[in-house]
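Quick notes on the structure that follows.
Order of the sequence lines sets the chain letters (A, B, ...), proteins ahead of strands, with each chain counted from 1. Quick caveat: nothing in here was measured; it's all calculated off a predicted structure.
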Protein chains: 2
Amino acid sequence: MLHHSLMDCGSQTPRPALETGSHDVGPRIRRLREERGLSLSELARRAGVGKATLSGLENGTRNPTLETLWAVTAELGVPLAVALGADPVVSGATIRGTAVAGVLLKVFEDENVTYELYRLMIPAGARQLSPAHHEGVTEHITVFGGTLRVGPADSPLLAGPGEHISWLSDVPHVYAAVGDQDVHASLLIRYPRRRGDERSPEDSDASPQA
Amino acid sequence: MLHHSLMDCGSQTPRPALETGSHDVGPRIRRLREERGLSLSELARRAGVGKATLSGLENGTRNPTLETLWAVTAELGVPLAVALGADPVVSGATIRGTAVAGVLLKVFEDENVTYELYRLMIPAGARQLSPAHHEGVTEHITVFGGTLRVGPADSPLLAGPGEHISWLSDVPHVYAAVGDQDVHASLLIRYPRRRGDERSPEDSDASPQA
DNA sequence: GACGGTCGTTCCGTATACGGAACGATTGTC
DNA sequence: GACAATCGTTCCGTATACGGAACGACCGTC
């Protein structure tokens, strides 16, 4: 039994009283709302739920309905799963090029470096050329299935299942699924923080070109 | 009354809908239940909810309460976020050894091989010895921060930020955070399917020791 | 082929989550 | 300082999600 997200929500035998507000859905919703500069009244109005409902939800004094949660999280623009604590950082953002489909799994923000972890899928036979990234950016690929030709456009490498490839991606580089199988791979992109880059950790629209 | 119960989560004006996860909570719960070989009556009894409630939930004819969802998903042993479509495979299961804390990010099930992707954290100075895995299992680590000594117990390697290490983990192997920084790393474990292993794709309790 | 066991669904009275209205508190305006 | 506007909370009647019981269907066993 994989014990889930936060502290031991005690799923033993019959039912441990379940305490309505045990996991912090309410505070999370509230934080999401406040991050957007919305008042409770405003969000309630936009989401089409009563203020009483939203107030009770945020304070954990109610036991909200799935429908209510849907209405509120939809208006906040987050997947419901995230509001329930799936993963605070990223969940399922998708990038897509002509050939490469990538799902952003994780972003790690450290002091001087950012890592982005993607799952990639490249249809058999497809090929994509991506422009250079910033200086110092490196990509690290683990192939799950299929055979991948990847790397700098003038010197790509081949990788089969279980193999790793890393390269400096500050030059144009290619991705290609050779053979007749789709390529599944994990891509880790490492962005060293350039001197003077002060972008706040939250404005994350500059999604990389893969 | 907010309708939009099923499909068309139409959060019109402000946001681009953000791909919610399709919302078929009922069928998902049903699938999770059936994968575990539980009858509706049995699960209802164990979770401490009425059969009517569970039936209605699975069939989508009710609008379940968060408390109800908690009770059911807790008994199924999955994070609620997963039942709501966060990620069909895995989200947030945690493994923990004497020194290594690992969060399972992803599981890829292919025909002849399974990959598990973890995020690891090892406190500065900590060290852990892990027993051998099955024959053919390999581990692939990408270090995010800190310096990691890792690999077969008799010949570990060193890796700093951005570096990869791979090794055959069918022998006892060590993890150690050298230096004064916590180690953050990504761990990919590759389990080739052994001949004759027919474990169904979902009975996942044999969580690896890291 | 009657019987006890279990399956998933439906019916029903009760508990409760719902939206709307009223509330006191706070803020900005004249 | 009176006033209007808005904040988040609380009160209240109604809609509805809840658990329990009854239901028909489908097994095995004798």
Side-chain angles (χ1 to χ4, degrees), chain A residues 9-76 80 83-84, chain B residues 1-7 9-12 14 23-76 80 83-84:
Chain A
C9 13
S11 68
Q12 45 265 61
T13 10
R15 178 139 72 129
L18 249 200
E19 211 237 318
T20 311
S22 64
H23 57 98
D24 38 339
V25 181
R28 214 183 309 263
I29 297 277
R30 170 160 287 167
R31 195 172 52 77
L32 288 167
R33 171 173 67 78
E34 290 175 345
E35 281 173 3
R36 286 160 180 69
L38 289 173
S39 69
L40 186 149
S41 310
E42 177 68 8
L43 176 56
R45 192 183 56 74
R46 289 198 200 177
V49 306
K51 295 201 296 179
T53 302
L54 184 53
S55 175
L57 195 173
E58 291 191 352
N59 292 322
T61 61
R62 280 208 194 171
N63 171 21
T65 282
L66 188 56
E67 189 173 4
T68 298
L69 289 168
W70 260 103
V72 172
T73 56
E75 189 55 41
L76 287 171
L80 174 51
L84 291 169
Chain B
M1 162 64 63
L2 19 93
H3 28 67
H4 83 33
S5 50
L6 297 182
M7 58 213 60
C9 11
S11 70
Q12 45 271 51
H23 196 211
D24 33 80
V25 182
R28 214 183 308 264
I29 297 278
R30 170 159 287 168
R31 194 172 53 77
L32 288 167
R33 171 173 66 78
E34 290 175 345
E35 282 171 3
R36 286 159 177 69
L38 288 173
S39 70
L40 187 149
S41 310
E42 177 70 7
L43 176 57
R45 191 182 57 74
R46 290 197 199 178
V49 306
K51 295 201 297 179
T53 302
L54 184 52
S55 175
L57 195 173
E58 291 191 352
N59 292 322
T61 61
R62 282 208 193 170
N63 171 21
T65 280
L66 189 55
E67 186 173 5
T68 298
L69 289 168
W70 259 103
V72 173
T73 56
E75 190 55 43
L76 288 170
L80 174 51
L84 291 170

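Formation of a donor-acceptor pair under 3.5 Å by the B:T65 side chain with backbone atoms of B:T68 is not found in this model. In this structure a side-chain-to-backbone donor-acceptor pair under 3.5 Å is missing from A:S55 to A:K51.
Contact annotation for A:R33: backbone-only contact, meaning every heavy-atom pair under 4.0 Å involves sugar-phosphate atoms and none involves a base. Counting non-hydrogen atoms under 4.0 angstrom, B:T53 reaches a base of the nucleic acid. Using a 4.0 Å heavy-atom distance criterion, B:S41 is classed as a base contact.
One finds no side-chain N or O of B:T68 lying less than 4.0 angstrom from the OP1 or OP2 phosphate oxygen of D:dA17. Phosphate proximity of C:dA17 to A:T65: absent, as no side-chain N or O sits under 4.0 Å from OP1 or OP2. A close approach under 4.0 Å does occur between a side-chain nitrogen or oxygen of A:R62 and OP1 or OP2 of C:dC18. Contact annotation: A:S55 side-chain N/O to D:dG8 OP1/OP2 distance is not under 4.0 Å. Put simply, B:S39 has a side-chain N or O that comes within less than 4.0 Å of OP1 or OP2 on C:dC7.
The distance from atom OG of B:S41 to atom CZ of B:R46, rounded to the nearest 0.5 Å, is 12.0 Å.
Atom CG of A:N59 is separated from atom C1' of C:dA17 by 15 Å (rounded to the nearest Å). Atoms CG (B:L54) and P (D:dA17) sit 15 Å apart, rounded to a whole Å. Atom pair B:K51:NZ and C:dC12:P shows a separation of 17 Å (rounding to whole Å applied).
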